[in-house]
Amino acid sequence: MSEGRLKEEMREVTLLGNQGTVYKFGYDPDILEVFDNKHPGRDYFVKFNCPEFTSLCPVTGQPDFGAMYISYIPGQKMVESKSLKLYLFSFRNHGDFHEDCVNIIINDLISLMEPRYIEVWGKFTPRGGISIDPYCNWGRPGTKYEAMAEHRLINHDLYPEKVDNR
């Protein structure tokens with residue numbers, strides 16, 4: 001691929017390689033950027049693991065720590081990873097319950113990319129002796145991905161993992 005063609009394809013991506021990165025300290029979905037999927041005719045998963053996700057409890061203001069797992073089957077667009085990292089970082093001073101965070105993230109990514117399928121799973125460290133691991137997913141309505149979402153939601157925790165890292 002020629003350098004000019006690559007630059008044209010990546011014209012929507014402004015954060016990757018930018019040395020003047022600005023870190024937002026409040027929730028900001030406008031940070032997210034996309035680029036074209038070069039393999040739109042193939043189903044494949046893209047998975048992101050963010051083991052240092054933080055947000056604030058909306059009641060106490062105390063920090064909540066956890067891991068955020070995002071998996072999706074792209075359609076025409078894909079999320080650029082640096083913008084996703086900065087977006088997830090923007091939750092650092094955002095006050096929402098764990099369940100709200102995963103739903104906000106999935107809604108923002110659906111709006112941004114229009115993926116075929118997506119799931120977001122938060123695994124938070126215990127506070128007050130209990131951990132909360134909310135999971136949500138979505139499949140494009142009227143397609144096999146809608147049925148896939150239903151199946152994965154029903155079965156996502158059928159075989160819970162051994163939790164020994166908390």
Side-chain angles (χ1 to χ4, degrees), residues 12-16 18 20-35 45-75 77-141 145-166:
E12 298 170 330
V13 175
T14 63
L15 296 170
L16 185 62
N18 182 337
T21 301
V22 175
Y23 290 87
K24 303 277 181 130
F25 292 98
Y27 165 72
D28 186 1
D30 293 333
I31 295 169
L32 291 167
E33 295 182 339
V34 294
F35 62 94
F45 269 105
V46 177
K47 296 185 176 191
F48 294 101
N49 302 322
C50 177
E52 298 176 344
F53 182 83
T54 59
S55 61
L56 297 178
C57 173
V59 176
T60 66
Q62 293 180 333
D64 290 317
F65 301 92
M68 197 63 68
Y69 300 96
I70 300 167
S71 300
Y72 72 98
I73 299 174
K77 298 288 183 181
M78 300 175 70
V79 67
E80 191 279 315
S81 61
K82 183 174 181 182
S83 75
L84 180 64
K85 175 184 79 167
L86 294 171
Y87 164 76
L88 293 173
F89 181 83
S90 81
F91 279 82
R92 175 62 188 97
N93 291 320
H94 178 74
D96 252 325
F97 293 114
H98 305 325
E99 299 86 350
D100 296 321
C101 288
V102 297
N103 278 282
I104 290 167
I105 291 167
I106 201 169
N107 289 341
D108 288 342
L109 291 173
I110 290 168
S111 294
L112 176 77
M113 298 185 296
E114 299 178 358
R116 294 175 181 154
Y117 173 82
I118 187 168
E119 59 190 30
V120 178
W121 195 346
K123 296 185 179 187
F124 290 85
T125 55
R127 204 138 74 50
I130 189 168
S131 63
I132 301 173
D133 296 346
Y135 171 89
C136 62
N137 71 0
W138 177 88
R140 189 175 291 164
Y145 309 104
E146 184 176 34
M148 178 183 171
E150 180 180 6
H151 177 79
R152 287 178 73 99
L153 181 63
I154 292 168
N155 294 292
H156 92 279
D157 214 10
L158 192 58
Y159 303 104
E161 76 282 4
K162 179 182 174 190
V163 178
D164 60 4
N165 63 341
R166 299 188 218 184

Before giving the answer on side-chain contact (heavy atoms from CB on, under 4.5 Å), spell out for Ile154 and Glu150 the whole-Å C-alpha distance, their side-chain angles and the decisive distance to 0.1 Å. CA-CA 6 Å; Ile154 292 168; Glu150 180 180 6; 3.9 Å; yes

Which is it for Tyr27 and Asp96 under the side-chain contact (heavy atoms from CB on, under 4.5 Å) test, yes or no, and what are the steps along the way? CA-CA 10 Å; Tyr27 165 72; Asp96 252 325; over 6 Å; no

Take Lys123 and Ile132 through the side-chain contact (heavy atoms from CB on, under 4.5 Å) test and state the conclusion after the steps. CA-CA 6 Å; Lys123 296 185 179 187; Ile132 301 173; over 6 Å; no

Yes or no on side-chain contact (heavy atoms from CB on, under 4.5 Å) for Arg127 and Thr60, after CA distance, side-chain angles and deciding distance? CA-CA 12 Å; Arg127 204 138 74 50; Thr60 66; 3.8 Å; yes

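Rounded to the nearest 0.5 angstrom, Ile105 CD1 and Ile110 CD1 are separated by 12.0 Å. Between atom OH of residue Tyr135 and atom CD of residue Glu119 there is a gap of 3.5 Å, rounded to the nearest 0.5 Å. Taking OG from Ser90 and CG from Asp28, the interatomic distance works out to 6.0 Å, rounded to the nearest 0.5 Å. Residue Arg116 holds its CZ atom at 4.5 Å from OH of Tyr145, rounded to the nearest 0.5 Å. The line from CG of Leu32 to CG of Leu88 is 8.0 Å long, rounded to the nearest 0.5 Å. We find the CD1-CG distance between Ile31 and Leu112 to be 12.0 Å, quoted to the nearest 0.5 Å.
A donor-acceptor pair under 3.5 Å links the side-chain atoms of Asp133 to the main chain of Phe124, judged by distance alone. Put simply, the side chain of Asp64 never gets that close to the backbone of Ser55: no donor and acceptor are under 3.5 Å apart. Between the side chain of Ser83 and the backbone N or O of Glu80 there is at least one donor-acceptor pair closer than 3.5 Å.
Annotation: Glu99, atom CD; neighbour count of heavy atoms from other residues, nucleotides and ligands within 6.0 Å is above 12.
Shortest non-hydrogen contact noted between Phe91 and Ile104 is CZ-CG2, 3.9 Å. Of all heavy-atom pairs spanning Asn137 and Arg152, the tightest one is ND2-CB, 3.8 Å. For the residue pair Glu114 and Arg140, the shortest heavy atom distance occurs at O-NH2, 2.6 Å. Residues Ile73 and Pro115 come closest through the heavy atom pair O-CB, 3.5 Å. Counting all heavy atoms, side chain and backbone alike, Ala149 lies closest to Trp138 at CB-C, 3.8 Å. The two residues Asp108 and Tyr87 come nearest to each other via the heavy atoms OD2-OH, 2.6 Å.
Side-chain contact between Ile70 and Leu84 is present, with at least one heavy-atom pair separated by less than 4.5 Å. In this structure, Arg92 and Leu56 have side chains that are in contact, with non-hydrogen atoms separated by less than 4.5 Å. No side-chain heavy atom of Pro63 sits less than 4.5 Å from a side-chain heavy atom of Thr54.
Using the six-membered ring where Trp is involved, Tyr72 and Phe48 have ring planes that are parallel, under 30° apart on the 30 and 60° scheme.
Between His98 and the options Pro134, Cys57, Ser131, a side-chain contact (heavy atoms from CB on, under 4.5 Å) holds for only Pro134.
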